[in-house]
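Here is the naming used below: chain letters follow the sequence lines, and residue numbers restart at 1 for every chain.
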There are 2 protein chains.
Amino acid sequence: MTDYPSPDMSGVELVDVLRALGDPVRLQIVRRLGDGVPCPKTPEIWEDLNLSKSTMSHHFRTLRESGLTRTVVHGRTHTIQLRKDELAEKFPGLIEAILPDPPR
Amino acid sequence: MTDYPSPDMSGVELVDVLRALGDPVRLQIVRRLGDGVPCPKTPEIWEDLNLSKSTMSHHFRTLRESGLTRTVVHGRTHTIQLRKDELAEKFPGLIEAILPDPPR
DNA sequence: TCGACGGTATGACGTTCATCGAACAATCAT
DNA sequence: ATGATTGTTCGATGAACGTCATACCGTCGA
C-alpha cells in the first residue's frame with residue numbers, strides 16, 4: 001500500500017497555500033471539497049474540467065504538498081480531503097473566505 | 001500627470017487575487033499595507049527586501065492589476081494603498097485572514 | 001533650462017509551471 | 001496468473017514568471 005504523505009501543519013507556509021490556490025483548476029477543486037468530506041478523485045470532480053489524468057494528478061499532488069489536502073488510499077481508489085479543521089486553526093478565516101458563498 | 005488605473009472591483013477574480021498573494025515578496029508588501037493607509041513606495045518597504053527598483057515596480061504593478069492595491073501619484077512620488085474596504089466587501093474575510101496576526 | 005530624483009517600461013535570461021502522452025505500479029476480478 | 005482498473009511518474013514542450021540592468025519619462029528645485 002503506497003503512502004502519500006501530507007506535510008505537518010506546523011511546516012505549512014501561508015504563501016505556499018496561497019500559491020496553490022492561485023490556479024483556476026486547483027481553486028475549483030478546493031471549493032468542491034469545501035465541506036471537508038473525503039471525495040473520490042476521479043469522477044465528477046474533473047469530468048467537466050477536460051484535463052488529462054496526469055494533469056489532474058499533478059494538481060492533486062500540488063494541493064497535498066501545499067498542505068491543503070490529504071490523500072487517502074483505499075485499495076486502488078484514492079480519495080482527497082480538504083484539511084479543513086487544521087487549516088482553520090492555522091489560518092483562521094482563510095478557507096471560509098475562499099469557499100463558495102457563505103455556507104448558508 | 002500619468003494615471004495608473006486599477007481595475008473595477010466587479011471585474012476582479014478571486015483566483016487572480018490569490019495568485020498575486022502567492023508570492024513571498026507581494027504577500028509581504030500586502031501585509032505591511034494592512035491598515036489600508038497609503039504608503040510611499042520607496043523607503044522602508046523594500047530596503048530590507050534587497051530587490052532592484054524595476055523588480056519592485058513589477059510587483060507593484062502586479063498587485064495593482066490584480067485589484068489588491070491602488071496607486072496614487074503625488075508629483076513624482078507614488079503611494080500604494082490596499083483596497084481594504086472594497087476587498088472586504090467583495091471577498092469577506094479574505095484580507096483579514098492573510099494579514100499579520102489579529103489586528104490586536 | 002537643466003540637472004537630479006522617483007518611478008515605470010523594455011528586453012533579456014534562467015527558472016518554474018501547466019499540460020500532455022506514454023510508461024509504470026498497485027489492486028481487484030475472473 | 002491474467003487482464004482490467006485506478007492512479008502516479010517521467011520526459012518533453014511551450015508559456016508564464018521573477019529578476020536585473022538599462023533606458024526612459026514626468027516632476028521638482030536651483
Side-chain angles (χ1 to χ4, degrees), chain A residues 1-7 13 15-30 32-33 38-81, chain B residues 1-7 13 15-30 32-33 38-81:
Chain A
M1 160 167 144
T2 323
D3 196 24
Y4 292 99
S6 24
E13 298 280 350
V15 68
D16 295 322
V17 170
L18 292 171
R19 188 196 300 273
L21 291 171
D23 174 90
V25 174
R26 289 193 293 264
L27 181 58
Q28 194 155 348
I29 294 174
V30 169
R32 294 189 193 180
L33 260 36
C39 187
K41 273 190 182 170
T42 18
E44 72 275 20
I45 287 203
W46 51 289
E47 208 118 296
D48 57 317
L49 294 179
N50 285 81
L51 292 175
S52 70
K53 276 198 309 178
S54 44
T55 299
M56 290 307 299
S57 189
H58 159 69
H59 286 306
F60 289 140
R61 172 203 273 261
T62 302
L63 288 172
R64 172 168 41 82
E65 290 181 345
S66 78
L68 274 164
T69 64
R70 179 183 293 108
T71 294
V72 181
V73 179
H74 284 108
R76 62 183 166 182
T77 300
H78 298 195
T79 63
I80 185 175
Q81 181 181 17
Chain B
M1 159 169 144
T2 322
D3 196 25
Y4 293 99
S6 25
E13 299 281 350
V15 67
D16 295 321
V17 170
L18 293 171
R19 189 195 298 276
L21 291 171
D23 174 90
V25 173
R26 289 193 294 263
L27 181 58
Q28 194 157 347
I29 293 174
V30 168
R32 294 188 193 181
L33 259 37
C39 187
K41 275 191 181 170
T42 17
E44 72 275 20
I45 286 202
W46 51 290
E47 208 120 296
D48 56 318
L49 293 179
N50 284 83
L51 292 175
S52 70
K53 275 199 309 177
S54 44
T55 298
M56 290 308 297
S57 188
H58 159 70
H59 285 306
F60 289 142
R61 172 203 270 261
T62 302
L63 288 172
R64 172 168 40 81
E65 289 180 346
S66 79
L68 275 164
T69 64
R70 179 183 293 109
T71 295
V72 181
V73 179
H74 283 109
R76 61 184 166 182
T77 301
H78 298 195
T79 63
I80 185 175
Q81 180 182 16

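- Here the nucleotide nearest the side chain of A:Arg76, chosen from D:dG7, C:dT27, C:dA4, is C:dT27.
- For the pair A:His78 NE2 and D:dT5 P, the computed distance is 17 Å after rounding to whole Å.
- Out of C:dG21, D:dT8, C:dA9, the shortest distance to the side chain of A:Ser52 is found at C:dG21.
- Distances shown here put a side-chain N or O of A:His58 below 4.0 Å from the OP1 or OP2 atom of C:dA18.
- The interatomic distance linking A:Glu65 (CD) with C:dA18 (P) rounds to 12 Å, in whole Å.
- The line from OG of A:Ser52 to NE2 of A:His58 is 10.5 Å long, rounded to the nearest 0.5 Å.
- As a whole-Å value, the separation of B:Leu63 CG from D:dC17 P is 13 Å.
- Side-chain to base pairing of B:Thr77 with C:dG6: no donor and acceptor N or O lie closer than 3.5 Å to each other.
- Counting all heavy atoms, side chain and backbone alike, A:Asp23 lies closest to A:Val25 at OD2-N, 2.9 Å.
- One finds no side-chain N or O of A:Thr55 lying less than 4.0 angstrom from the OP1 or OP2 phosphate oxygen of C:dT19.
- Between the CG atom of B:Leu27 and the P atom of D:dG18 there is a distance of 13 Å, given to the nearest Å.
- Taking side-chain N and O atoms only, B:Arg61 has a distance below 4.0 Å to OP1 or OP2 of C:dA9.
- Atom P of nucleotide D:dG18 and atom CD1 of B:Ile29 are separated by 11 Å, given to the nearest angstrom.
- Atom pair A:Glu47:CD and D:dT6:P shows a separation of 12 Å (rounding to whole Å applied).
- The CG-P distance, from B:Asp23 to D:dA16, rounds to 18 Å in whole Å.
- With rounding to whole Å, A:Leu49 atom CG is found 14 Å from C:dA18 atom C1'.
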(Q) Does A:Phe60 form a side chain to side chain contact (heavy atoms under 4.5 Å, CB included) with A:Thr71? I'd like the steps, not just the answer. (A) CA-CA 8 Å; A:Phe60 289 140; A:Thr71 294; 5.6 Å; no
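- Two residues are said to be in side-chain contact when any heavy atoms from C-beta on lie closer than 4.5 Å; A:Ile29 and A:Met56 meet this criterion.
- Residue B:Arg26 is classed as a sugar-phosphate contact, given heavy-atom separations below 4.0 Å to backbone atoms only.
- Toward the 5' end of DNA chain C, the nearer of the two residues A:Arg19 and B:Thr79, judged by each one's closest nucleotide, is B:Thr79.
- Listed for the A:Ser66 side chain is no donor-acceptor partner under 3.5 Å among the backbone atoms of A:Val17.
- Sequence order on DNA chain D of the closest nucleotides to B:His59 and B:Lys53 puts B:His59 first from the 5' end.
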